[in-house]
Structures are given as structure tokens and as C-alpha cells.
Amino acid sequence: MQLQIYVAMKAMPWYCALPTVSEHLIESGWTKCFFNISEVGWFAYVAYLCIYLVFVEFGIYWMHRELHDIKPLYKYLHATHHIYNKQNTLSPFAGLAFNPLDGILQAVPHVIVLFIVPTHFRTHIGLLFLEALWTANIHDCIHGKVWPVMGAGYHTIHHTTYKHNYGHYTIWMDWMLGTLQDPVEDKGGKAM
């Protein structure tokens, strides 16, 4: 776990680059961000948020999958994260123990969507913050069993098979594209 903490802390300053760039793009007026929900109304806000989340789910699934399928990307970027490949080597710190470029690439869909979908600024910043909490959560080996959420049980399988459960917040993309593998409980009730 000390190595996970070291790798995560070494990458942390670089992880701050993407929110900094996205905020600059927003404040420069280059995106479709809006600052007050009253500018679009609650119905449009909720609709845009749903589209934002679907886009991010799709984008992160494919970015994560390509980081596995394109061998040089895996070897030079993503393999750093996958040295934690057993249930007893995963911890919330493993969720942030990435090559910095890998972590940024997986978060890029959060920025690309700003050019396509009108997005509430504070919601966008909140979702970027949630990203750090989420990534720690799916690496803690505590499977919450809330369908269709991509919980730690699903993501632990990803770390042991390398070819399943690439999804982000949900299992929908994995289900639609045939990469879903459900966790199986052992006799002690732990998801494996």
C-alpha cells in the first residue's frame, strides 16, 4: 500500500492539470457551460446532465478499454495501475496510483463533453471531484451490490482478468459490448 500512496501522491499535481485547463476553457467562453440553472431551466438542466453522464460513461469505457487493447498504451501508461491485480493488493489508494497521463486520458471525456453538451459549471466541477472519490471507492474491495452500479466487486474482476468490466459509474457499457463479468460471492459473502 505504501507504493500505491507514493505513486498516487507523485501523480496528484498532474491530475490537477485537467480541471485547471477545463476551467480556463469554460471561463474563456469556449465551451457550452452555463453558470446558473435559471439560464436553461430545471428540465433542461436534468436532461443535459443525463446526456453529460451518458457521454462520460461511453467515453471513459472506450478510453479505458483502448488503454488495455493498444499494447504500447498499456505497457507505458496503464500497466502502472495494474500492478495491483489481486484483491489483497487493492486499496482506495490504488484508484489514484496511475501514470499521470493515464489518469488524465481517462478523465478527458469530462472535458470533451463541455464542447458538445450545455453543462452547468458547478455540476461539472463537482463531478470531477466525485471522480476522485469514485475511483477510490471502486478499488476498496467492498462490493455494494447496487445494480447497475460498477462497484468494487466488478472492478476487482477487471484487475484480475484485464478483459472485463471497463465501465465507469455503471455496468451498462460492459453489458452492451459483451465485456461484463458479474462478481460471484464466495462462501464468506465476499465478492470475487
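Residues take their numbers from the sequence shown, with the count starting at 1.
- Under the 4.5 Å side-chain criterion, counting only non-hydrogen atoms from C-beta, R65 is not in contact with H68.
- Under the 3.5 Å distance criterion, the side-chain polar atoms of N165 are left unmatched by any main-chain donor or acceptor of I171.
- Residue F98 comes nearest to D102 through the heavy atom pair CD2-OD2, 3.0 Å, listed as atom of the first residue, atom of the second, then distance.
- Formation of a donor-acceptor pair under 3.5 Å by the E57 side chain with backbone atoms of T170 is found in this model.
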For H158 and Y166, what are the C-alpha separation, side-chain angles and deciding distance, and is it a side chain to side chain contact (heavy atoms under 4.5 Å, CB included)?
CA-CA 7 Å; H158 171 74; Y166 299 103; 3.6 Å; yes
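- Criterion: ILVMFWY side-chain heavy atoms under 4.5 Å apart, direct or through other members. Under it, F55 and V46 are part of a common hydrophobic cluster.
- Side-chain contact between K163 and T179 is absent, with no heavy-atom pair separated by less than 4.5 Å.
- A pairwise comparison of heavy atoms in L180 and D182 identifies CD2-OD1, 4.0 Å as the closest pair.
- Note that the CZ atom of F58 and the CE atom of M176 stand 8.5 Å from one another [nearest 0.5 Å].
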Atom pairs and distances, side-chain donor-acceptor, residues 17-26, under 3.5 Å, sequence neighbours left out:
| unit_1 | atom_1 | unit_2 | atom_2 | d |
| --- | --- | --- | --- | --- |
| T20 | OG1 | C16 | O | 2.7 |
| S22 | OG | P19 | O | 3.1 |
| S22 | OG | H124 | NE2 | 3.2 |

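- Hydrophobic clustering (ILVMFWY, side-chain heavy atoms < 4.5 Å, transitive): V54 and V111 are in distinct clusters.
- Heavy-atom contacts from other residues, nucleotides or ligands closer than 6.0 Å to OH of Y6 number 12 or fewer.
- Between W134 and H168, the ring planes are perpendicular. Angles over 60° get that label, and only those under 30° would be called parallel.
- The number of heavy atoms from other shown groups lying within 6.0 Å of OH (Y76) does not exceed 12.
- Taken together through direct or relayed side-chain contacts under 4.5 Å among Ile, Leu, Val, Met, Phe, Trp and Tyr, I116 and I60 form part of one hydrophobic cluster.
- Among all heavy-atom pairs drawn from W14 and P100, the shortest one is CB-CB, 3.4 Å.
- Contact detail for Y154 and P183: the closest heavy-atom pair is CE2-CD, 3.3 Å.
- Within the 4.5 Å cutoff, no side-chain heavy atoms of W172 are placed close to those of M150.
- Checked by atom type and distance alone, the side chain of T31 pairs as donor or acceptor with a backbone atom of C33 at under 3.5 Å.
- The shortest distance between side-chain heavy atoms of H78 and Q106 falls below 4.5 Å.
- Using a 4.5 Å cut-off on side-chain heavy atoms (C-beta onward), H120 and I37 make contact.
- For the pair E66 and L73, the tightest heavy-atom approach, listed with the atom from each and the gap, is O-CD1, 4.1 Å.
- T161 and H164 form a side-chain donor-acceptor contact under 3.5 Å, judged by distance and modelled atom types alone.
- Under the side-chain hydrogen bond (donor to acceptor under 3.5 Å, both in side chains) criterion, the residue pairs touching residues 32-47 are Y45-T123, with sequence neighbours excluded.
- In this structure, Y169 and E131 have side chains that are in contact, with non-hydrogen atoms separated by less than 4.5 Å.
- Cluster membership check: I125 shares its hydrophobic cluster with V40, using side-chain heavy-atom separations under 4.5 Å among Ile, Leu, Val, Met, Phe, Trp and Tyr.
- The closest side-chain heavy-atom distance from L53 to L127 is below 4.5 Å.
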Walk me through it: do M173 and W62 pass the test side chain to side chain contact (heavy atoms under 4.5 Å, CB included)?
CA-CA 9 Å; M173 291 298 299; W62 279 109; 3.9 Å; yes
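- Cluster annotation: L130 and Y52 are assigned to the same hydrophobic cluster (Ile/Leu/Val/Met/Phe/Trp/Tyr, side-chain heavy-atom contacts under 4.5 Å, transitive).
- The shortest distance between side-chain heavy atoms of F34 and Y48 falls below 4.5 Å.
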